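Below, each value reflects all heavy atoms present in this structure, side chains not excepted, and no hydrogens, waters or symmetry copies. Every chain is numbered from 1, with letters handed out A, B, ... down the list of sequences. If you're wondering where the values come from, they're calculated on a predicted model, not measured in any experiment.
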Amino acid sequence: MNYIENIYVCLAAPLLVAALCLRSRRRLTMLFLLAGMTACLLSSYISTFLAAAHGVDALVASLEIAPVVEEGMKFFPLLFYLLVFEPRRETALDEALVIAVGFATFENVCYLTGSGAENVVSLLVRGFGAGAMHVVCGVMTAAGLSYLWDRTYLRVAGTLGLLGLAATYHAIYNLLVSQTNAAAVIGYLLPVLTAILTAALGGRFRQTRKPA
Amino acid sequence: MIETLENGVQLAVVTVCLFFSLRRLARERERAFELLALFYTCYLLGDLYWQLHLFFYQQTPRVRYISDVSWLASWLFLYCLLRHVSTPEERRFRQPLLCVPPVFAAAMCAFFLRYGAYLNNLVTALMMSLILIHIVRGLLYLRGSAPPRRALYRAALFFCVCEYAAWTASCFFWEDTLANPYFWCDALLTISNVMLFFAVRKAVSA
C-alpha cells in the first residue's frame with residue numbers, strides 16, 4: 001500500500017493553513033492548488049473502481065480509463081469557478097494551470113513513494129513530462145472554453161468536446177510513455193514541445209476576434 | 001496492413017486539413033474555422049490513439065472510452081459549426097421531413113446494439129440525430145436558393161453517410177484486404193474531411 005490518503009493529508013495541511021492566512025486572489029490560487037491535489041486523489045479511486053468493473057489490469061486502466069477520469073476530475077473545480085464566479089479569461093487560464101500543477105505534483109509525490117527516489121534522471125524526465133502534460137491539458141480546456149463561453153450551446157458542447165480532446169491527448173501521452181524505446185522519448189517530449197509551441201503561438205490568437 | 005495504410009493516409013489528410021484550418025483561423029479570426037480546427041483536432045487525435053494502440057499492442061483498445069470520446073467530441077464540434085453558420089430563421093424552420101433523421105438514427109442504433117457497446121451506440125445515435133436534423137433542415141430551408149452554406153450542409157451529409165456506411169460494413173466484413181467495403185467507405189470518409197474544409201471556406205468567404 002502507498003497510503004495516498006496520508007500523503008494527501010500531509011501535503012494539504014500546510015496549503016489549507018496558507019489559504020486561511022492569504023487574501024483574495026492568492027487565497028483562491030492556493031485553494032485551486034488544493035483542488036488539483038484532491039482531484040488526483042479522487043481520480044485514483046474512480047479509475048481503480050472502473051478498472052475492476054471492466055476487469056482490466058493497471059496498464060490497460062492507465063491507457064484507456066484513467067485519462068478520461070483524470071481530465072474529468074481536473075475540470076470540475078474549473079467548471080464551478082467559471083459558472084459561479086464568471087472570471088476574466090486570463091484569470092480562468094491561470095487557475096486552470098494551478099489546478100493542473102496541483103494534480104501533477106500530487107501524482108508525482110505518489111509516484112515517488114511507490115517507485116523510490118534514487119534515479120534522478122528518470123524523475124526529472126517524469127516530472128517535466130507528466131507536469132507539462134497535465135498543464136497542457138488543463139490550459140487546453142480552459143483556453144478553449146474561454147473562447148467558446150459566449151454562447152450557451154457552445155458552452156455545453158464546447159465543454160464536452162474540449163474534455164474529450166484533453167482526455168485523448170492525455171491517453172496518447174500515456175500510450176507513448178508506456179513503451180520503452182524511442183516512442184517513450186517522443187511521449188515525454190510531446191507535452192513539453194506542445195507547451196512551448198502554445199506559449200509561442202498563443203499571442204497570435206489572443207488578439208480580438210471578429211464577433212461571432 | 002491495409003488498415004494501417006488506410007489509417008495512415010486518413011491521419012495525414014486530416015493533419016493537412018487541420019494545418020490549413022489553423023492558418024485560416026490565424027488570418028481571418030473566424031469562429032467557423034475555430035470550430036473546424038477543433039473538429040479536425042478531435043478526429044485526428046481519436047484516429048491517432050486508435051492507430052498507435054494497434055501499432056504497439058496489435059489489437060484495438062479493450063475499453064473504448066478514449067477513441068469514442070474523441071470522435072464524439074469531433075461530432076459535437078461539427079454540430080456547433082453547422083449551428084454557427086445557420087440563421088435564426090433557419091433554426092425555427094419546421095417540416096415533417098425533419099422526423100426522418102431521428103428515425104433513421106434510432107433504427108441504425110437498434111441494429112448496432114446487437115453488437116454491444118450500448119452506451120456508445122445510444123450517444124452516437126443522439127449525436128448523429130442532432131447533426132442530421134440540422135443538415136436536413138438547412139437543405140430544406142435553402143431549397144431553391146444557392147447560398148454558400150448549402151455546400152457545407154452537403155459536405156456534412158456526405159460525412160455522416162460515409163460514417164454510417166463504414167460502421168455498417170464493419171459489422172459484416174472483417175478481412176484486411178482491399179475487397180473489404182469498410183476500407184472503401186473509410187476512404188470516402190477521408191475525402192469528406194477535405195470537402196468539409198472547402199465547404200467551410202466557401203461558406204465563410206461569402
Asks: Please check if atom CZ in F93(B) has more than 12 non-hydrogen atoms from other residues, nucleotides or ligands closer than 6.0 Å.
Replies: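 Result for CZ/F93(B): enclosed.
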
Asks: When heavy-atom pairs shorter than 4.5 Å are enumerated against chain B, which of G164(A), G161(A), A183(A), P67(A) gives the highest number?
Replies: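 Answer, by heavy-atom pair count under 4.5 Å with chain B: G161(A).
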
Asks: Distance check, rounded to the nearest 0.5 Å: L160(A) atom CG versus W75(B) atom CH2?
Replies: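 One gets 14.0 Å once the value is rounded to the nearest 0.5 Å.
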
Asks: For atom CZ of F111(B), decide whether the heavy atoms of other residues, nucleotides or ligands shown that lie under 6.0 angstrom number more than 12.
Replies: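 Check passes, neighbour count above 12.
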
Asks: Heavy-atom distance under 4.5 Å to chain B: side chain of L162(A), backbone, both or neither?
Replies: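 Answer is both: backbone and side chain atoms of L162(A) are under 4.5 Å from chain B.
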
Asks: Could you tell me if the side chain of H84(B) sits less than 4.5 Å from the side chain of Y153(A), heavy atoms only?
Replies: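 The answer is yes, as the side chains (C-beta and beyond) meet within the 4.5 Å cut-off.
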
Asks: Please indicate whether F80(A) has more than 12 foreign heavy atoms, meaning atoms of other residues, nucleotides or ligands, lying under 6.0 Å from its CZ.
Replies: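 Open.
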
Asks: S70(B) and Y169(A): side-chain donor and acceptor closer than 3.5 Å?
Replies: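 Checked: S70(B)/Y169(A) side chains show no N/O donor-acceptor pair below 3.5 Å.
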
Asks: What part of L35(B) lies closer than 4.5 angstrom to a heavy atom of chain A: side chain, backbone, both or neither?
Replies: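 Answer is side chain: those atoms of L35(B) sit under 4.5 Å from chain A.
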
Asks: Decide yes or no for L154(A) and R83(B): does some side-chain heavy atom of the first lie under 4.5 Å from some side-chain heavy atom of the second?
Replies: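 No, their side chains stay 4.5 Å or more apart.
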
Asks: So which atom in S178(A) and which in Y57(B) form the shortest heavy-atom distance, rounded to 0.1 Å?
Replies: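 Nearest heavy atoms, S178(A) then Y57(B): OG-OH, 3.1 Å.
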
Asks: Is chain A contacted by the side chain of L52(B), its backbone, both, or neither, given a heavy-atom distance below 4.5 Å?
Replies: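 It is both, since atoms from each part get that close.
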
Asks: Got a second to check how far Q51(B)'s CD is from L175(A)'s CG, nearest 0.5 Å?
Replies: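 If we round to the nearest 0.5 Å, Q51(B):CD and L175(A):CG are 11.0 Å apart.
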
Asks: Count the heavy atoms of every other residue, nucleotide or ligand shown that sit under 6.0 Å from CZ of F128(A), and state whether that count exceeds 12.
Replies: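 No, because the 6.0 Å sphere around CZ of F128(A) holds 12 heavy atoms or fewer from other groups.
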
Asks: Taking all non-hydrogen atoms of both residues, which atom of V68(A) and which atom of I66(B) are closest, and how far apart?
Replies: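 V68(A) and I66(B) have their closest heavy atoms at CG2-CD1, 3.4 Å.
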
Asks: Could you state the interatomic distance from CG (L45(B)) to NE2 (H170(A)), rounded to the nearest 0.5 Å?
Replies: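 Answer rounded to 0.5 Å: 13.5 Å.
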
Asks: Please check if the number of heavy atoms outside F56(B) that lie under 6.0 Å from its CZ is greater than 12.
Replies: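 Buried by this count: over 12 neighbours within 6.0 Å.
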
Asks: For F39(B), which atoms come within 4.5 Å of any heavy atom of chain A: side chain, backbone, both, or neither?
Replies: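 The answer is neither part of F39(B).
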
Asks: In Å, rounded to the nearest 0.5 Å, how long is the span from SG of C80(B) to CZ of R155(A)?
Replies: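 Here the interatomic distance stands at 13.5 Å.
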
Asks: What verdict does the side chain to side chain contact (heavy atoms under 4.5 Å, CB included) test give for F55(B) and Q179(A), after you've listed the backbone C-alpha separation in whole Å, the side-chain angles of each residue and the deciding distance to 0.1 Å?
Replies: CA-CA 11 Å; F55(B) 178 72; Q179(A) 307 306 307; over 6 Å; no

Asks: Give, as side chain, backbone, both or neither, the part of F77(B) having an atom under 4.5 angstrom from any heavy atom of chain A.
Replies: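 Side chain only.
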
Asks: Write down the atom of T168(A), the atom of G46(B), and the distance for their closest heavy-atom approach.
Replies: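 For T168(A) and G46(B), the tightest heavy-atom pair comes out as CG2-N, 3.9 Å.
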
